[in-house]
Number of protein chains: 2
Amino acid sequence: MEEGIEVAVSTVIFALRHDSARDCTSLWMPLVRRVREPYAGRWALPGGPVRRDEDLADTARRTLVATTALSPTYLEQLYTFGRAERSASGPRVISVVYWALVRPEEAERGIEDENVAWHPADRPPELAFDHRTIVSYALWRLRTKMEYSRIAQAFLGETFTLAQLRQVYEVVLQRTLDPANFRRQVEASGDVEPTGEYLVGGRHRPPKLYRHREANDLADNGPLTGL
Amino acid sequence: MEEGIEVAVSTVIFALRHDSARDCTSLWMPLVRRVREPYAGRWALPGGPVRRDEDLADTARRTLVATTALSPTYLEQLYTFGRAERSASGPRVISVVYWALVRPEEAERGIEDENVAWHPADRPPELAFDHRTIVSYALWRLRTKMEYSRIAQAFLGETFTLAQLRQVYEVVLQRTLDPANFRRQVEASGDVEPTGEYLVGGRHRPPKLYRHREANDLADNGPLTGL
DNA sequence: GCAAAAGTGTTATATGTACACCCATGA
DNA sequence: TCATGGGTGTACATATAACACTTTTGC
């Protein structure tokens, strides 16, 4: 009865990447260049229409892999944008937006060409549709959620040092943290456990390696755990 | 291209109501009885399909008024449910779910008949579709958000006493709060200001009346404020 | 040995919690 | 005057933040 409404899924993907030009690590996200009108040539969030028999999160994962060849360590629904006058022309599109976190190794492997490229999350180029608002909301959610959950670990690999984990917080929250207090907080939280190994090859005293506690999830989504 | 997908909006509406049978105040929500298959006769969340030229939040407000005659003091998007095998039969439906808070006076005025009735939020009857999951998630979000925002005020009228505000917290969070500490916390937060008036007619010492601070919103939704 | 990061200890401050106590009103 | 909720004061526990200090490595 309500023909002319399309449902699509877009995903804001975050990764920590080293900016060799400025010699600092910061938040980046992959964008794809639109090849069709409206907004042809503009950068946009990766995504695509929902298939008839596909769960929304699966659409997010599929389009994410199809456009960027990335596989996320964390994926969560962000918000559904559906303003009536949202797209300048064409049929009305309702966008269910997800946000995802990927590890640095993944971020290196990902496709990158004329039509897929990484951009700074806090200073994106001109974007199609209302994607600029979406990106800043995703960034806000990432920063907010970082304070009370363990999602920072999704940016890291199997094992990591506390300095690496701390750097994730520092880069995302854009402020320095006291190493001593950070250590105590993390150790007291029980979110990580020492592997017994040490990271060798560094320039200084070898730090302990830690791993994620398998027991608990990266974030508490209440009755929606697993959805 | 993706025909056969319908978009609908449902809303979980919460209000504090006095249960005269048990002589206590608790959380209630209005439900509507389904007249059509699937799940004909079952209780369900109020809602309806999205119109072509209508924003999602407007659909929520419109269907909310149409079915229950209630006007909410707080309305926020909750989550979008779109599992492929979600409805037992018929076309695939993607539900954008909102949650709303209404004042007690509103809750008294609302429609109530054979097909629209209030139910306890924590012990709902058998519900249609996956509405049971949706309700428990909405309840979880309400309780979580209550801890770090001012939404409790959305349950109350223009002016209120601190005891009334405290009761909102106690009923929703299901635990008692120390009146002395509660007073200090609320006063320090700057979320409310005294009107200078006192509530007379009570059985005991007349308490001060307070009102909401107009300046700030009931909740901080970051870059999405106003959407 | 020196520089630098890893890791430990100590203290000040802020915040949360428990509870004793006085105040003002209706009955 | 008594019961009851309104409202204030205070002590204690815990969390946060700041920073001095020791340890262990590469060079």
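Protein chains get the first letters and strands the later ones, always in sequence-line order, with residue 1 at the start of each.
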Trainee: Would you indicate what A:A163 reaches in the nucleic acid, counting non-hydrogen atoms under 4.0 angstrom: base, sugar-phosphate, or nothing?
Mentor: sugar-phosphate
Trainee: Nearest whole Å is fine: how far is C:dA27 P from B:H204 NE2?
Mentor: 9 Å
Trainee: Rounded to whole Å, please give me the gap between CZ in B:R203 and C1' in C:dG26.
Mentor: 10 Å
Trainee: Should A:L199 and A:P206 count as side-chain neighbours, where that means a heavy-atom distance under 4.5 Å?
Mentor: no
Trainee: Pick the nucleotide of DNA chain D nearest each of A:G202 and A:D178; which residue has the one closer to the 5' end?
Mentor: A:D178
Trainee: Heavy atoms, side chains only, cut-off 4.5 Å: are A:T161 and A:L209 in contact?
Mentor: yes
Trainee: Could you tell me how far apart A:L209 (CG) and C:dA6 (P) are, to the nearest whole angstrom?
Mentor: 12 Å
Trainee: Give the rounded distance in Å between these two atoms: CG of B:L199 and P of C:dT25.
Mentor: 13 Å
Trainee: Rounded to whole angstrom units, what separation is found between the NZ atom of B:K208 and the C1' atom of D:dG7?
Mentor: 9 Å
Trainee: Quickly, which of A:V50, A:L45, A:V97 forms a side chain to side chain contact (heavy atoms under 4.5 Å, CB included) with A:V9? Name it, please.
Mentor: A:V50
Trainee: For the base of C:dA24, is there a side-chain donor-acceptor partner from B:R205 under 3.5 Å away?
Mentor: no
Trainee: Tell me whether B:R211 is salt-bridged to B:E158, with the criterion being a basic N under 4.0 Å from an acidic carboxylate O.
Mentor: no
Trainee: Whole angstrom is fine here: how far is it from CZ in A:F182 over to P in C:dG9?
Mentor: 19 Å
Trainee: Does the distance from a Lys or Arg side-chain N to an Asp or Glu carboxylate O, for A:R184 and A:E187, drop under 4.0 Å?
Mentor: no
Trainee: Distance check needed: D:dG5 P versus B:R183 CZ, whole Å only.
Mentor: 15 Å
Trainee: Do B:R184 and D:dG9 share a donor-acceptor pair, side chain to base, under 3.5 Å?
Mentor: yes
Trainee: Please pick, from C:dT8, D:dG7, C:dT17, the nucleotide with the shortest atom-to-atom distance to any side-chain atom of B:Q185.
Mentor: C:dT17
Trainee: Could you tell me how far apart A:E147 (CD) and D:dT16 (C1') are, to the nearest whole angstrom?
Mentor: 13 Å
Trainee: Check every atom of D:dG6, C:dC19, D:dC19 against the side chain of B:P207 and return the nucleotide holding the closest atom.
Mentor: D:dG6
